[in-house]
Each structure stands twice: as C-alpha cells, then as structure tokens.
Amino acid sequence: MKIGIFAGSFDPFTIGHASIVRRALPLFDKIVIGVGINERKNLMLNTDEKVKKIALLYANEPKIEVKAYSDLTVSLAHREHAQYFIKGVRSIKDFEYEREQADINQQIGGIETLFLFTEPELASISSSLVRELVHFGEDVSRFLPKGYTLKK
C-alpha cells in the first residue's frame with residue numbers, strides 16, 4: 001500500500017493545500033494529512049479545530065485521514081507505515097527549505113519526499129498571508145476550500 005504524509009500546521013488550510021492533496025490523491029492508496037502541533041507558533045486556530053475542519057472537507061474521501069501529531073513528522077510516517085512525504089513548493093525559497101528537510105528525513109527515517117509544484121495561480125497564497133488578511137478584517141473566503149470556514 002502506497003501511503004503519503006502531507007504535513008503542516010495548516011493554520012488555516014488553504015486552496016493551495018487542497019490543490020496539493022487533490023493532485024497527489026491519484027498517486028497514493030492513502031494520504032494522511034498530518035496537522036502538526038507547534039506551541040512556538042502564534043496560531044489562529046487550535047489543533048482540534050484544524051483537524052475537524054480538514055476532516056470535514058474530506059469526509060467523503062476514504063483514502064484520506066487527518067491526524068494531529070506533536071513529534072517528528074518522520075515518527076508520524078513510521079506510525080502510519082508511510083513511505084512518502086508530499087510537499088508543495090511555491091518558490092525557490094520553499095524548495096531550498098523543503099529540500100533540506102527531505103535530505104534529513106531520508107537520512108533519519110528512510111522516507112522519500114515527493115515535490116509537487118504549486119499551480120501558478122495559487123503560488124502567492126500562504127497560510128501566513130491569509131492570517132494577516134484576517135487580522136485586518138479582510139474576506140479570505142476565496143483563499144479557502146469550499147466548505148472550510150474560519151467561523152467556529
């Protein structure tokens with residue numbers, strides 16, 4: 001069984017994230033969306049909210065599971081018997097960071113990383129940009145998947 005891990009803080013989960021999941025889905029028997037718990041980040045949503053909201057988006061997709069984790073992503077991959085990490089790359093800056101992570105993940109965990117380049121029209125969308133727009137009262141619905149709201 002080919003299992004991929006798509007991990008991040010997903011604060012919030014954007015249409016860019018959803019695009020990566022949609023494009024990776026035909027390549028895997030199962031995708032685990034790993035919602036990382038990182039107390040060092042100033043987050044807009046708590047982990048339970050993020051897991052519930054993302055799980056609701058994929059409630060009708062049996063190949064997708066959503067799980068929170070607070071340890072190394074490699075440890076999550078081993079628990080889930082995953083062989084791959086799925087990473088979206090928007091820019092050269094993303095690529096450099098993700099390539100270093102991929103090298104370390106391969107060395108310490110034997111996990112391969114699959115890079116998917118972001119669709120050009122989504123390349124400027126990031127969770128941090130969406131959080132900033134929310135902070136200033138802007139409507140961010142166009143940057144979020146249908147059915148995903150920031151209202152509690």
Side-chain angles (χ1 to χ4, degrees), residues 1-38 41-69 72-74 76-77 80-106 111-136 138-152:
M1 193 169 184
K2 285 188 289 189
I3 301 171
I5 302 286
F6 182 50
S9 59
F10 303 122
D11 190 54
F13 192 83
T14 68
I15 57 175
H17 297 129
S19 168
I20 297 297
V21 172
R22 176 183 49 78
R23 292 168 51 217
L25 200 54
L27 306 174
F28 295 95
D29 299 307
K30 176 176 148 183
I31 293 177
V32 176
I33 299 175
V35 179
I37 301 169
N38 185 345
K41 280 189 171 184
N42 185 19
L43 301 174
M44 186 170 62
L45 301 168
N46 71 45
T47 303
D48 288 341
E49 288 175 306
K50 290 186 281 189
V51 168
K52 285 177 189 168
K53 288 175 182 290
I54 298 168
L56 190 60
L57 285 176
Y58 297 104
N60 295 320
E61 179 47 71
K63 290 172 53 173
I64 295 179
E65 293 180 14
V66 183
K67 297 188 176 185
Y69 71 102
L72 290 174
T73 310
V74 165
L76 172 66
E80 296 298 322
H81 307 288
Q83 306 89 357
Y84 304 94
F85 287 121
I86 304 160
K87 293 290 187 169
V89 177
R90 293 174 297 170
S91 66
I92 193 70
K93 186 173 90 172
D94 279 358
F95 178 77
E96 285 297 321
Y97 174 78
E98 296 297 351
R99 185 192 55 78
E100 289 174 2
Q101 292 295 309
D103 290 347
I104 294 299
N105 288 332
Q106 176 61 32
I111 309 292
E112 291 292 340
T113 300
L114 172 69
F115 293 107
L116 292 175
F117 291 100
T118 303
E119 294 170 291
E121 65 273 16
L122 303 178
S124 64
I125 299 169
S126 68
S127 292
S128 56
L129 173 80
V130 171
R131 284 193 309 274
E132 185 168 348
L133 292 171
V134 167
H135 174 76
F136 288 104
E138 292 294 321
D139 176 16
V140 296
S141 58
R142 68 178 155 226
F143 304 119
L144 304 174
K146 252 189 188 13
Y148 185 101
T149 65
L150 295 179
K151 297 178 185 92
K152 294 185 181 189

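If you're wondering where the values come from, they're calculated on a predicted model, not measured in any experiment.
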With a 4.5 Å cut-off on side-chain heavy atoms, are R131 and D11 touching? yes
Is it the case that more than 12 heavy atoms not belonging to D29 sit under 6.0 Å from its CG atom? yes
d(F6 CZ, I64 CD1) to nearest 0.5 Å is 10.0 Å
Specify the closest pair of heavy atoms between D48 and N46, including all atoms of both residues, with the distance to one decimal. N-OD1, 3.0 Å
Residue pair T47 / A68: nearest heavy atoms and the distance that separates them: CG2-CB, 3.5 Å
Straight-line distance of M1 CE to K30 NZ, nearest 0.5 Å: 6.0 Å
For the residue pair F28 and I86, establish whether any side-chain heavy-atom pair is separated by less than 4.5 Å. yes
Is there side-chain contact between T113 and Q106, with heavy atoms separated by less than 4.5 Å? no
Kindly compute the distance separating CG (L133) from CD1 (I125), expressed to the nearest 0.5 Å. 10.5 Å
Rounded to the nearest 0.5 Å, how far does CZ of F143 lie from OG of S127? 12.0 Å
Should K52 and E49 count as an ion pair when the cut-off is N to O under 4.0 Å? no
Which value, rounded to the nearest 0.5 Å, describes the distance between E112 atom CD and N105 atom CG? 10.5 Å
Test side-chain contact (heavy atoms from CB on, under 4.5 Å) applied to V66 and F13, step by step: CA-CA 12 Å; V66 183; F13 192 83; over 6 Å; no
Backbone N or O of L122 within a donor-acceptor pair of the R90 side chain at under 3.5 Å? no
Is the shortest heavy-atom distance from the side chain of T14 to the side chain of H17 under 4.5 Å? yes
Is there side-chain contact between K53 and T149, with at least one heavy-atom pair below 4.5 Å? yes
Any side-chain heavy-atom pair of I5 and E80 under 4.5 Å: yes
Step-by-step side-chain contact (heavy atoms from CB on, under 4.5 Å) determination, F85 to V74: CA-CA 9 Å; F85 287 121; V74 165; 4.1 Å; yes
Should K87 and Q101 count as side-chain neighbours, where that means a heavy-atom distance under 4.5 Å? no
Heavy atoms of A102 and F115 approach each other most closely as CB-CZ, 3.9 Å
Smallest separation among heavy atoms of G88 and T118, with atom names: C-OG1, 4.5 Å
Quick one: are Q83 and I3 in side-chain contact, heavy atoms under 4.5 Å? yes
Heavy-atom closest pair, residues A18 and Y58: CA-OH, 3.6 Å
Work out which heavy atom in K63 is nearest to a heavy atom in P26; give both atom names and the distance. NZ-CA, 4.4 Å
Hey, what do you get for CD1 (I33) to CD (E65), rounding to the nearest 0.5 Å? 10.5 Å
